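All of these numbers come straight from a predicted model, not from anything done at the bench. Here is how names work: the chains are called A, B, and so on, in the same order as the sequence lines, proteins then strands, and each is numbered from 1.
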Amino acid sequence: MFDRLNFPQPWLSVTLFVVWQFLSNDISGASLVMGLILAWLIPQLTQGFWPERPALSRPWRMPGYLLRVLADIVVASITVARLILSGRTPKPVFVCYPLELEQPMAITILASTISLTPGTVSADVSDDQRILLIHTLDASNEQEVIDAIKNRYEKPLLEMFQ
Amino acid sequence: MSALTEYTITALLLIGGAFTLVGAIGLARLPDFYTRLHGPTKATTLGVGAIILASVVYFSFQGEGIGITEILITAFLFLTAPISANIMAKAAMHLGVDVMEGTKGNPWEQ
C-alpha cells in the first residue's frame with residue numbers, strides 16, 4: 001500500500017494543491033488536507049492518460065508566450081468581429097499544417113493556441129501526429145496561414161520543448 | 001469607488017457585451033458549420049475575458065481582495081474552449097457535414 005504513496009507528477013500535484021487553495025474561500029486545515037488528498041489522488045487516476053512526462057526545457061519562456069497569445073487574441077477578435085459585421089462572405093480554407101513539434105504535450109498546446117486565437121480552429125491531428133488540420137475562417141491561401149503559425153507560435157514552442 | 005473606476009468597469013462590460021453579441025450574430029449569419037464554429041468560440045475568449053476583468057476590478061475596489069476565482073474561471077475557460085471546438089469539428093468531419101461553396105482544401109476522412 002505504501003509504495004503507492006508517491007507523486008508521479010510533482011508539478012501537476014503542486015498545481016492541483018495551489019488551485020484547490022484558491023477555490024476554497026480561505027485557507028484552512030480542511031482545505032489543506034483536501035488539497036493534499038486531491039494532489040495525490042488525481043495524478044494516480046490520470047497516470048494512464050499521460051503518454052510520457054512532458055519535458056519543458058525552458059519553462060521561463062512560458063509567460064512571454066502567453067502574453068503574446070493574449071495580445072493576438074485581442075487583435076484577431078477585432079478582425080473577426082469586423083468580418084462578421086461587414087456582411088462580406090468569408091473565404092474559408094482547410095489548411096494541412098506540417099508539424100515540427102513531436103511531443104504530444106507541445107502539440108496540444110499549439111492546437112489549443114490555434115483554436116483560441118480567432119479565425120482559426122484546429123480540427124484534427126493525423127494519426128502519426130505529423131499533420132494538423134486547421135480550419136481558417138478567412139484567408140487568401142494556405143501558405144500564408146502556415147507561415148503565420150510557424151513563426152508566431154511553433155518556433156517559440158520548439159525552443160521551449162527541445 | 002471613484003468615477004474613473006466606474007467608467008473602467010462600464011467600458012469593460014460594454015466591450016465584453018459587444019463581442020459576445022458579435023459572436024452571436026456570427027453564429028446566425030455565417031454560412032456553414034465550420035465557419036459558424038468560429039463565432040461563439042472566439043466571442044467567449046474576448047467577451048468573457050473582458051467581463052471577468054470588469055468583475056476583478058469591481059471586487060478589488062470593493063476591498064474584498066483581488067478575485068483569484070475570476071482568474072481561475074478564465075484559465076478553465078481557456079483550457080476547455082479549444083477542446084470543445086476540436087471535438088465539434090471532429091464530429092462534423094465524421095458526419096460529413098457540408099462545406100460552404102468556395103472553401104479551399106478538404107476535411108479529412110480518417
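Between A/Val19 and B/Phe76, some side-chain heavy-atom pair lies under the 4.5 Å cut-off. In this structure, A/Leu133 and B/Met93 have side chains that are in contact, with non-hydrogen atoms separated by less than 4.5 Å. Residues A/Ile73 and B/Phe78 form a side-chain contact, since some pair of their non-hydrogen atoms from C-beta on lies under 4.5 Å apart. No side-chain heavy atom of B/Ile71 sits under 4.5 Å from any side-chain heavy atom of A/Phe22.
B/Ile83 and B/Tyr34 end up in different hydrophobic clusters when Ile, Leu, Val, Met, Phe, Trp and Tyr side chains are linked at under 4.5 Å. With hydrophobic clusters built from ILVMFWY side chains whose heavy atoms lie under 4.5 angstrom apart, A/Leu32 does not share a cluster with A/Ile37. B/Leu14 and B/Val56 fall into different hydrophobic clusters, defined by Ile, Leu, Val, Met, Phe, Trp and Tyr side-chain heavy atoms under 4.5 Å apart, directly or through other members. A/Trp20 is connected to B/Leu72 through a chain of hydrophobic side-chain contacts under 4.5 Å among Ile, Leu, Val, Met, Phe, Trp and Tyr, so both are in one cluster. Cluster membership check: A/Tyr153 shares its hydrophobic cluster with A/Met62, using side-chain heavy-atom separations under 4.5 Å among Ile, Leu, Val, Met, Phe, Trp and Tyr.
Contact of B/Leu79 with chain A is not made at all, since no heavy-atom distance falls under 4.5 Å. Using a 4.5 Å cut-off between heavy atoms, A/Thr136 touches chain B through its backbone atoms (N, CA, C, O) alone.
For the atom pair CG (A/Leu83) and CG (B/Leu30), the distance works out to 7.0 Å, reported to the nearest 0.5 Å.
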(message) With side chain to side chain contact (heavy atoms under 4.5 Å, CB included) as the criterion, how do A/Ile78 and B/Phe19 come out once you've worked through the C-alpha distance, each side chain's angles and the decisive distance to 0.1 Å?
(response) CA-CA 9 Å; A/Ile78 294 166; B/Phe19 273 100; 3.8 Å; yes
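Among the candidates B/Ala50, B/Pro82, B/Ala81, the residue making the largest number of heavy-atom pairs closer than 4.5 Å to chain A is B/Pro82. Of the listed residues (A/Val80, A/Thr120, A/Leu85), the greatest number of heavy-atom pairs within a distance under 4.5 Å of chain B belongs to A/Thr120.
Surrounding CD of A/Glu102 are at most 12 heavy atoms belonging to other residues, nucleotides or ligands under 6.0 Å away.
For the pair A/Arg88 and B/Arg29, the tightest heavy-atom approach, listed with the atom from each and the gap, is O-NH2, 3.6 Å. For A/Ser77 against B/Leu46, the heavy-atom pair with the smallest separation is CB-CD2, 3.4 Å.
A side-chain donor-acceptor contact under 3.5 Å links B/Asn86 to the backbone of A/Ala123.
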